[in-house]
Number of protein chains: 2
Amino acid sequence: MATMTAAQRRQAAKAAFEEYLQVCPAHQVLEIIGSKWVSLVLSRLADGPRRYAELSRALPAASAKMLTQTLRALERDGFVTREVTPAVPVRVRYALTPLGERLVPLLAAIKQWADEHIDEIHAARARYDASRP
Amino acid sequence: MATMTAAQRRQAAKAAFEEYLQVCPAHQVLEIIGSKWVSLVLSRLADGPRRYAELSRALPAASAKMLTQTLRALERDGFVTREVTPAVPVRVRYALTPLGERLVPLLAAIKQWADEHIDEIHAARARYDASRP
DNA sequence: CCGCATCCTTGATGATACTG
DNA sequence: CAGTATCATCAAGGATGCGG
């Protein structure tokens, strides 16, 4: 049938858009770096390679599970390398790849924008909250 | 008591870090623009003011609830204005504020970075997935 | 030391129905 | 048209204990 109800058209449009989102590069990257611990881990690694326990100490609010999960995702996407030294006890070293290093300036740009505008955001927020009880 | 168990020290460090996260401008901004619909709504508004229904049609995958929630959050943080024209039926127009407009170049930078590196990310992902069954 | 497996809680998201 | 209210769902995140 060539004819669709309005509801069917909405469903089709929604499905098409969701597929588009999965392909859109900007959205994929935003999903990666917007994920809770990614920017924090990357900024630690930007200073140089770190062992697992060092990262864990530097990010005390991240549970071991989330830290591992984040590092695995970053490894999968090619941002960090994971290097295991088979000793007793084991030593695992994480470091940025060239791709990971190219991400650093972008994060720096975001940080700079944030520093420059956070006051304005807070002011807007205070105004908004004050205007409605 | 000046002495703490290791567990207590971890708790304290974690609490301190969580407080820091709430203040860190970069993290706050990342939380805003990383939220699912924000970048999409802002990029639509970057082309000019839009009515609620126009945004809804442009983003078919966003439920009315999420669209409203996103717009409210953006209004609160001072990125968009909401203008109600009392007629029958009502017309509501959303537009970027100057602050919102200053965010556009940052989003553009993210988009450009994504376009330039997405292939490498996908390649790394494929390599990783292929290396473990 | 590193980190996987398991269980569990909770907040984010979505579908649906209704109103000024 | 532009939402709000309510309920249902679900996956992210966290706590814990064990294993290599």
Side-chain angles (χ1 to χ4, degrees), chain A residues 5-8 10-11 13-15 17-18 21-22 27 31-41 49-76 80-95 132, chain B residues 6-8 10-11 13-15 17-18 21-22 27 30-32 34-38 40-41 44-45 49-76 80-95 132:
Chain A
T5 67
Q8 284 172 327
R10 267 196 305 277
Q11 279 300 322
K14 181 180 159 181
F17 193 88
E18 270 168 354
L21 270 192
Q22 303 241 320
H27 206 256
E31 209 155 82
I32 294 171
I33 66 178
S35 127
K36 195 168 182 183
W37 301 105
V38 165
S39 60
L40 295 163
V41 169
R50 292 281 181 278
R51 295 184 52 181
Y52 181 90
E54 290 178 313
L55 289 171
S56 183
R57 268 193 302 278
L59 306 171
S63 65
K65 179 184 166 182
M66 290 319 296
L67 189 54
T68 300
Q69 203 174 99
T70 303
L71 287 165
R72 282 288 178 289
L74 289 174
E75 188 194 357
R76 183 168 112 97
V80 308
T81 54
R82 178 172 177 271
E83 203 179 308
V84 183
T85 305
V88 181
V90 195
R91 308 169 94 256
V92 181
R93 198 184 74 138
Y94 292 94
R132 43 212 93 194
Chain B
Q8 283 172 328
R10 267 197 304 278
Q11 278 299 321
K14 181 179 158 180
F17 192 88
E18 269 167 354
L21 271 191
Q22 303 241 319
H27 206 257
L30 217 41
E31 209 155 83
I32 294 171
S35 127
K36 194 167 181 183
W37 301 105
V38 165
L40 294 162
V41 168
R44 292 316 176 282
L45 291 178
R50 292 282 182 275
R51 297 183 51 180
Y52 180 90
E54 291 178 312
L55 290 172
S56 183
R57 267 192 302 277
L59 306 171
S63 64
K65 180 183 166 183
M66 289 320 295
L67 188 54
T68 300
Q69 204 172 97
T70 302
L71 287 164
R72 283 287 181 289
L74 289 174
E75 188 195 356
R76 183 168 111 98
V80 308
T81 55
R82 178 171 176 273
E83 204 179 306
V84 183
T85 306
V88 181
V90 194
R91 309 170 95 256
V92 181
R93 199 185 73 138
Y94 291 94
R132 43 212 93 196

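Just so we're on the same page: letters track the sequence lines, and every chain starts at 1. Note that the coordinates shown come from a computational prediction; the quantities given were computed from them, not determined experimentally.
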Around atom CZ of B/Arg44, are there more than 12 heavy atoms from other residues, nucleotides or ligands closer than 6.0 Å? yes
Any idea which of C/dC2, D/dA2, C/dT13 is nearest the A/Val92 side chain? C/dC2
Separation of A/Leu67 atom CG from D/dA15 atom C1', in whole Å? 16 Å
Test side chain to side chain contact (heavy atoms under 4.5 Å, CB included) applied to A/Val80 and A/Glu75, A/Arg72, A/Arg50, the passing residue: A/Glu75
B/Arg57 CZ - D/dC1 P separation (whole Å): 7 Å
Whether A/Arg72 contacts C/dC4 is assessed here as follows: a side-chain N or O lying under 4.0 Å from the phosphate OP1 or OP2. Is that the case? yes
Take the protein atom CE of B/Met66 and the nucleotide atom C1' of D/dA2, then report the distance between them rounded to whole Å. 17 Å
If you assign B/Lys65 and B/Ala53 each to the DNA chain D nucleotide with the nearest heavy atom, which residue ends up on the more 5' nucleotide? B/Ala53
Search all heavy atoms of B/Ala61 against all heavy atoms of A/Phe17 and return the closest pair with its distance. CB-CD2, 3.7 Å
Nearest listed nucleotide, side chain of A/Tyr94, among C/dG3, D/dG3, D/dC1: C/dG3
D/dT16 P sits how many Å from B/Arg10 CZ, rounded? 10 Å
Between C1' on D/dG3 and CZ on B/Arg93, what's the gap in Å once rounded to a whole number? 19 Å
D/dA2 phosphate, OP1 or OP2, under 4.0 Å from B/Arg51 side-chain N/O: yes
B/Arg76, CZ atom: more than 12 neighbouring heavy atoms under 6.0 Å: yes
Pairwise 5' ranking along DNA chain C for B/Pro89 and A/Leu71, keeping only the more 5' one: A/Leu71
Taking the side chain of A/Lys36 as its heavy atoms from C-beta onward, which of D/dA2, C/dT13, D/dG13 lies nearest to it? D/dG13
Rounded distance in Å - CD (A/Gln69) to C1' (C/dT6): 14 Å
Kindly indicate whether the side chain of A/Tyr94, heavy atoms from C-beta on, has any atom under 4.5 Å from the side chain of A/Leu74. no
By the 4.0 Å heavy-atom rule, please label A/Val90 as base, sugar-phosphate, or nothing. base
C/dG3 P sits how many Å from A/Leu55 CG, rounded? 10 Å
Between CD of B/Glu18 and C1' of D/dG14 the distance, given in whole Å, is 11 Å
Of A/Lys14 and A/Ala64, the one whose nearest nucleotide on DNA chain C sits closer to the 5' end is A/Ala64
So, is B/Arg82 near the phosphate of D/dG3, with a side-chain N or O under 4.0 Å from OP1 or OP2? yes
